[in-house]
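When a ligand or atom number is given, it counts from 1 through the structure's own listing order. Fair warning: this is a prediction, and the values are worked out from it, not measured in the lab.
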Amino acid sequence: MNLPNMLDAKKRNSEETKHIYLDDKVSDMYKNKKYFIRTYGCQMNVHDSEEIAYILESVGMTPIDTIEGADVVVLNTCAIRENAHDKLYGFLGRCKHEKETNNHDLIICICGCMPQEESVANDLIKNHPYVDIVFGTHNIHELTDMLLNKMDNQNIKVYSMQGEVFENVKYKRDSNIKAWVDIQYGCDKFCTYCIVPYTRGKQRSRYSTEIVKEVECLKKEGYKEVTLLGQNVNAYGKDIDDISFAELLAKVADTGIDRVRFVTSHPWDFTDDMIEVISERDNIMPYIHLPLQSGSSKILKLMGRRYTKEEYLTLYNNIKAAMPECAITTDIIVGFPGETEEDFNETLDVVNACKYDSAFTFIYSPREGTPAAKMEQLDKKVCEDRLHKLNELINKYAKEANDKYLDKVVPVLIEGLSEKNESLMMGYTDTMKLVNVKGDLSNVGKIVNVHITDVKTWSMDGEIVE
Ligand code: 5AD
Ligand code: SF4
């Protein structure tokens, strides 16, 4: 058993990142067994689940899409807000019931960000003895050995460490059109509300040569789009003797893959070189997710965000000056400790100035062990009212942004059947707008020109034109 602790998770050294090349381990020990994975949280977790799926298949398993009938259930968890905890425990209850009533041999695994929290790991030992395997964000590759050498009692291996970078990681990718590509892990920003620097460790980058090699392979396999992933994606390269993020973007664009995206950028690391390369390269998509968090410089300071309202607006204006058509989306937290009505109104001011294409909005959720959790918390009703008011404004601008597309012809990468209406195809514009398109399966994986015939707040309808 190896357990995490918050003190070690907080440590940072100045040493260059260590890169470790993984070997592929294959076994048929779990032949004819079925696995079910449920993923919570961000794109990093979604991509980690693709690694987990590969590992489960490399020991012989095949997927199933219900817990009923599964031999192994993996819950890949998120710790960013309290409601992520609630969701996990709700589903874990269902797994426990399945194990107690139908399948006593069901192997329940918990991984991802939650077990990286000391209190969660301890709770799993004390109150959830039916959970068989627990691993963290730093040792996904150890799942193979944990399965092959599983003991009857709990198998817990979670490390609080700054972290290494693994190369040669294999994935069972969810799509054969779009692929996630990790370029950077962890975060050193320590925004005062955020648990990520503790659960994901030190900011560390892959070698650019390995990243470019991966994108070249994906292109050869027929992938049309890659999204470069990092908790703090544009801090790429700061921990190793390699190229900058702007230079990496250019190299990835040079591979000739049709579409390049990246998430999530921190405004503080957003350079003029990035703006230049994104605006110059046709295959780097004109879409930037630029978390604001708050429009009040006072709150931004309390959050440890390293920029003021004015600096954020300058960056926004620089991006729009170079790329007027670029879509910009954001994350905003309301109800951070100390946020007054005036502070909140400043957030609304920035939203009015930036007219975001869309936004993820959240009520501040205290995370144990982070500095903001010790500050005086705001009244719940005040937070809810602010969130409601903010969402109304966000929705208004999202619809306005979509309205501009009506009757235009735009390129759309067709991904598959529409979830809402199986007689339609769905895909995204270069600016990441969801479009439901009349057409047949022969268009899947193609970038087609679509005439936009109707726009809603969160999607559009269109028809393919020759
Ligand atoms: N409470 C509420 N929202 C949070 N986020 C991160 N930590 C918290 C928290 N403690 C939001 C931020 C971040 C997004 C991924 O989640 O807006 O950008
Ligand atoms: Fe969390 Fe801030 Fe790092 Fe983003 S930049 S992961 S919000 S600490």
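If you check which protein heavy atom lies closest to atom 7 (S) of ligand 2, you get Y193 OH, 3.3 Å. The protein heavy atom nearest to atom 6 (C) of ligand 1 is I80 CG1, 3.4 Å. Closest to atom 15 (C) of ligand 1, if we only count protein heavy atoms, is D331 OD2, 3.8 Å. For atom 10 (N) of ligand 1, the nearest protein heavy atom (residue, atom name, distance) is S365 O, 2.8 Å. Of all protein heavy atoms, the one closest to atom 1 (Fe) of ligand 2 is C194 SG, 2.3 Å.
Of all the atoms in ligand 1, the ones that sit under 4.0 Å from a non-hydrogen atom of R367 are 10 (N). Contact atoms of ligand 2 toward V196: 6 (S) (distance under 4.0 Å to a heavy atom of the residue). Applying the 4.0 Å criterion to heavy atoms of H266 picks out, from ligand 2, the atoms 5 (S). Interface of I333 with ligand 1, defined as ligand atoms under 4.0 Å from a residue heavy atom, comprises 3 (N), 4 (C), 5 (N), 12 (C), 17 (O). In summary, the atoms of ligand 2 found under 4.0 Å from a heavy atom of F190, numbered by their order in the structure, are 8 (S). Each of the atoms 12 (C), 13 (C), 17 (O), 18 (O) of ligand 1 lies under 4.0 Å from some heavy atom of Q293. Of all atoms in ligand 1, numbered sequentially from 1 with element shown, those under 4.0 Å from a heavy atom of R81 are 1 (N), 2 (C), 3 (N), 4 (C), 5 (N), 11 (C), 16 (O).
Counting heavy-atom neighbours within 6.0 Å of K219 NZ, excluding the residue itself, gives a total of 12 or less.
Counting only N and O atoms by type, the side chains of Y287 and T329 include a donor and acceptor under 3.5 Å apart. Side-chain contact annotation: E142 with Y159, donor-acceptor N/O pair under 3.5 Å present. Side-chain N/O atoms of T457 and N395 include no donor and acceptor closer than 3.5 Å. A side-chain donor-acceptor contact under 3.5 Å links T431 and T429. Side-chain N/O atoms of Y89 and D123 include a donor and acceptor closer than 3.5 Å.
Just one of M274, H289, Q184 meets the side-chain contact (heavy atoms from CB on, under 4.5 Å) condition when paired with F262; it is M274.
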Derivation and outcome, salt bridge (charged side-chain N to carboxylate O under 4.0 Å, His left out), residues E214 and R173: CA-CA 13 Å; E214 185 174 339; R173 296 184 189 269; 2.8 Å; yes
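Under 4.0 Å from ligand 1, heavy atoms of Y193 appear from its side chain as well as its backbone. Contacts between I363 and ligand 1 below 4.0 angstrom, taking non-hydrogen atoms only, involve the backbone exclusively. Residue contacts with ligand 2 for P197 involve side-chain atoms from C-beta outward but no N, CA, C or O (heavy atoms, distance under 4.0 Å).
Salt bridge present: E341 and R386 bring a charged side-chain N and a carboxylate O closer than 4.0 Å.
Taking the six-membered ring for Trp and the full ring otherwise, the centers of Y397 and Y356 sit at least 6.0 Å from each other.
Residue T264 places every heavy atom at 4.0 Å or more from ligand 1. Heavy atoms of R305 approach ligand 2 to within less than 4.0 angstrom.
Here the closest non-hydrogen pair linking N402 and K456 is ND2-O, 2.9 Å.
Comparing heavy-atom distances from atom 2 (Fe) of ligand 2 across C42, C191, C187 singles out C191 as nearest.
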